[in-house]
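Notes to accompany the following structure.
To find a chain, count down the sequence lines: A is the first, B the second, and so on, and within it residues start at 1.
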Protein chains: 2
Amino acid sequence: MSLVAATPTSVRPNTQPFRPAGNPSEMFAGCPELVGTPFNYARETEIYGEGETAEFVYRIVSGAVRTCKILADGRRQINAFHLAGDLFGFEPGEAHRLTAEAIADTKVLLFSRRSVQDLANRNVEAARRLWNSTLQNLEDAEDHMLLLGRRTALERVAAFLLTIEKRLGGNRCVELPMSRRDMADYLGLTIETVSRSMTQLQSKRAIALSGARHLVLDARLINKCLDD
Amino acid sequence: MSLVAATPTSVRPNTQPFRPAGNPSEMFAGCPELVGTPFNYARETEIYGEGETAEFVYRIVSGAVRTCKILADGRRQINAFHLAGDLFGFEPGEAHRLTAEAIADTKVLLFSRRSVQDLANRNVEAARRLWNSTLQNLEDAEDHMLLLGRRTALERVAAFLLTIEKRLGGNRCVELPMSRRDMADYLGLTIETVSRSMTQLQSKRAIALSGARHLVLDARLINKCLDD
DNA sequence: CGGGTGATTGAGCCCGCTCAACTCTCGTGG
DNA sequence: CCACGAGAGTTGAGCGGGCTCAATCACCCG
């Protein structure tokens with residue numbers, strides 16, 4: 001679910017280690033009856049809201065999605081970003097526990113929750129893949145709890161950049177799909193602190209920014225920045 | 001996995017809402033071949049370490065367990081507390097991603113990871129229960145990320161006390177199984193801040209402490225404390 | 001060229017951390 | 001019975017990292 005997840009797409013070489021049975025792009029392989037309905041969401045529109053009945057499971061074809069929780073006073077915590085190839089929208093109960101919104105214009109494939117459940121009940125292999133996918137999400141959540149509970153602002157931003165670079169192909173070049181506000185709400189910081197941390201990394205030559213969204217990073221120098 | 005999970009035991013009435021198929025105490029019902037081997041862990045001993053090969057899945061009979069991650073410099077984040085009835089030790093890969101330690105003297109039932117996997121491959125119903133159990137853990141992790149990323153110290157301690165009271169039977173009376181250090185490392189705070197928050201709640205009559213581990217709480221007054 | 005949005009930078013403050021002293025409890029032994 | 005020590009918890013004083021509030025800058029689109 002979150003940044004650590006493998007996100008192979010058809011247009012990008014998969015530089016991730018092989019994930020047995022947890023690979024979203026193979027999730028419904030050999031299940032021709034589960035083809036998925038294409039659908040589009042515009043930038044900054046809600047896909048589903050917290051508390052709504054969970055009707056669909058989603059697989060991203062292109063674009064990016066955030067899932068988050070929002071407190072009554074407006075404080076927001078983004079739990080995960082989902083990129084092309086990722087699956088999201090599973091729920092243990094009938095209702096969605098998170099809100100999902102498109103960060104950019106996003107194409108998805110819809111699968112009815114019921115049909116996915118039915119498939120899992122019939123097909124042991126599919127059930128195992130769904131389970132492993134959920135376990136992968138849990139693992140990512142565990143890493144994120146460590147980040148939110150015990151890491152400094154600079155460590156959070158550095159870890160975020162390293163992880164998303166890996167997800168986007170690992171060629172040191174990153175086109176951030178999300179705003180500073182989204183990064184801040186994912187990392188448990190304010191936009192100002194995110195910005196200052198980025199500036200700090202840039203002044204140490206660990207990253208090079210060209211525009212707010214495009215950057216080139218040096219993993220070795222980023223890690224060196226954390227040692228002082 | 002964490003504090004929101006239902007934890008019915010045979011000696012305590014279940015005051016939780018019914019959780020279809022996710023109930024740990026029924027997890028292996030109807031599977032007499034999966035009986036589990038009793039085992040004991042003394043207080044403050046390691047059950048398994050991060051990175052070790054995952055051989056077993058554990059179900060707690062009595063006692064309490066924490067699972068955590070530790071950084072090289074000693075910073076620790078506890079992901080979850082497990083009480084009687086809880087299942088823990090699932091892993092998506094071959095290796096444990098967390099360290100598990102007994103908080104108190106703890107009796108568990110061991111199930112070999114392989115036999116659990118085999119059961120899930122044969123028995124669709126068991127697979128569904130395991131999947132739902134993992135989804136429940138993920139849901140708890142999502143709640144905890146909001147707490148760690150966006151809540152104040154007082155809110156964290158208040159939420160923790162309310163949740164653990166519910167898990168321990170919901171009769172307003174709590175015998176904390178863990179130390180202040182464990183609470184702090186779960187809530188992303190220091191022991192001093194946890195202590196000060198408890199004192200603050202006590203001065204508002206929202207909780208009554210008798211000894212560090214025993215307390216009676218008033219849910220309404222706790223929520224009122226958060227409004228100023 | 002403006003207007004609008006998002007990002008950066010600056011100044012000052014505050015919540016939670018650090019460091020340290022003190023208290024409480026409990027177990028052990030004279 | 002008290003003395004003592006060890007470990008856990010509480011309290012206090014002061015600091016500092018990240019937040020708040022505000023101004024400025026950069027980049028789009030018209």
Side-chain angles (χ1 to χ4, degrees), chain A residues 43-44 64 66 71 73-77 103-105 147-161 174-204 207-215 225-226 228, chain B residues 43-44 66 71 73-77 103-104 147-161 174-204 207-215 225-226 228:
Chain A
R43 190 175 159 282
E44 292 297 318
R66 61 174 178 250
L71 294 173
D73 60 7
R75 285 177 288 176
R76 183 177 71 157
Q77 178 63 43
I103 293 173
D105 293 342
L147 179 144
L148 292 172
R150 290 301 181 210
R151 304 197 105 116
T152 66
L154 189 62
E155 287 175 335
R156 294 182 201 200
V157 172
F160 174 79
L161 294 177
V174 177
E175 197 70 40
L176 293 172
M178 73 289 288
S179 67
R180 292 291 186 272
R181 166 132 305 283
D182 287 334
M183 286 174 61
D185 286 347
Y186 178 70
L187 298 173
L189 301 169
T190 60
I191 52 174
E192 293 93 335
T193 300
V194 170
S195 186
R196 275 185 254 267
S197 299
M198 302 269 290
T199 302
Q200 199 176 336
L201 289 171
Q202 196 173 20
S203 72
K204 299 267 184 59
I207 64 173
L209 282 166
S210 49
R213 301 287 186 99
H214 183 81
L215 62 89
C225 278
L226 301 177
D228 48 54
Chain B
R43 191 175 157 280
E44 292 297 317
R66 62 175 177 250
L71 294 173
D73 60 7
R75 284 177 289 177
R76 183 177 73 158
Q77 178 63 43
I103 292 173
L147 180 144
L148 291 172
R150 290 300 180 211
R151 305 197 104 116
T152 65
L154 189 62
E155 288 175 334
R156 295 182 200 199
V157 172
F160 173 79
L161 294 177
V174 177
E175 196 71 40
L176 294 171
M178 74 288 289
S179 66
R180 293 291 187 272
R181 165 134 305 284
D182 287 334
M183 288 174 61
D185 286 348
Y186 178 71
L187 298 173
L189 301 169
T190 59
I191 52 174
E192 294 94 335
T193 299
V194 169
S195 186
R196 276 184 255 267
S197 299
M198 303 269 289
T199 303
Q200 199 175 335
L201 289 171
Q202 194 173 20
S203 72
K204 299 264 183 58
I207 64 174
L209 282 165
S210 50
R213 302 286 185 102
H214 183 81
L215 61 90
C225 277
L226 301 177
D228 49 49

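In terms of modelled atom types and a separation under 3.5 Å, the side chain of B/Glu44 and the main chain of B/Ala104 share no donor-acceptor contact. Listed for the A/Arg156 side chain is a donor-acceptor partner under 3.5 Å among the backbone atoms of A/Arg151. The backbone N or O of A/Thr190 sits nowhere less than 3.5 Å from a side-chain atom of A/Arg181 that would complete a donor-acceptor pair.
Distance, A/Leu209 CG to C/dT8 P: 7 Å, rounded to whole Å. Atoms CD (A/Gln200) and P (C/dG10) sit 13 Å apart, rounded to a whole Å. Between the CE atom of B/Met198 and the C1' atom of D/dT10 there is a distance of 11 Å, given to the nearest Å. Counting to the nearest Å, the C1' atom of D/dT11 and the CG atom of B/Leu201 are 16 Å from each other. Taking atom CG of residue B/Asp185 and atom C1' of nucleotide D/dA8, one finds them 15 Å apart after rounding to whole Å. Rounded to an integer number of Å, the gap from CD1 of B/Ile191 to C1' of C/dC19 is 12 Å. The interatomic distance linking B/Asp182 (CG) with D/dA8 (P) rounds to 10 Å, in whole Å. Across the protein-nucleic acid pair, B/His214 atom NE2 and D/dG9 atom C1' stand 17 Å apart, rounded to whole Å.
Within 4.0 Å (heavy atoms only), A/Arg156 reaches no atom of the nucleic acid at all.
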Given protein heavy atoms under 4.0 Å, the one-letter contact record of nucleotides 14-30 of chain D, with B base, S sugar-phosphate only and - none, is simply ----SSBBB--------
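When the C1' atom is used for both D/dC15 and D/dC19, the distance is 16 Å, rounded to whole Å.
For the residue pair A/Arg75 and B/Arg150, the shortest heavy atom distance occurs at NH1-O, 2.8 Å.
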Tabulate below the donor-acceptor pairs under 3.5 Å that side-chain atoms of residues 194-203 of chain B make, not counting sequence neighbours, or state none.
from     : atom 1 : to       : atom 2 : distance (Å)
B/Ser197 : OG     : B/Thr193 : O      : 2.9
B/Thr199 : OG1    : B/Ser195 : O      : 2.9
B/Ser203 : OG     : B/Gln200 : O      : 2.8

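Heavy atoms from other residues, nucleotides or ligands lying under 6.0 Å from CZ of A/Arg43 number 12 at most.
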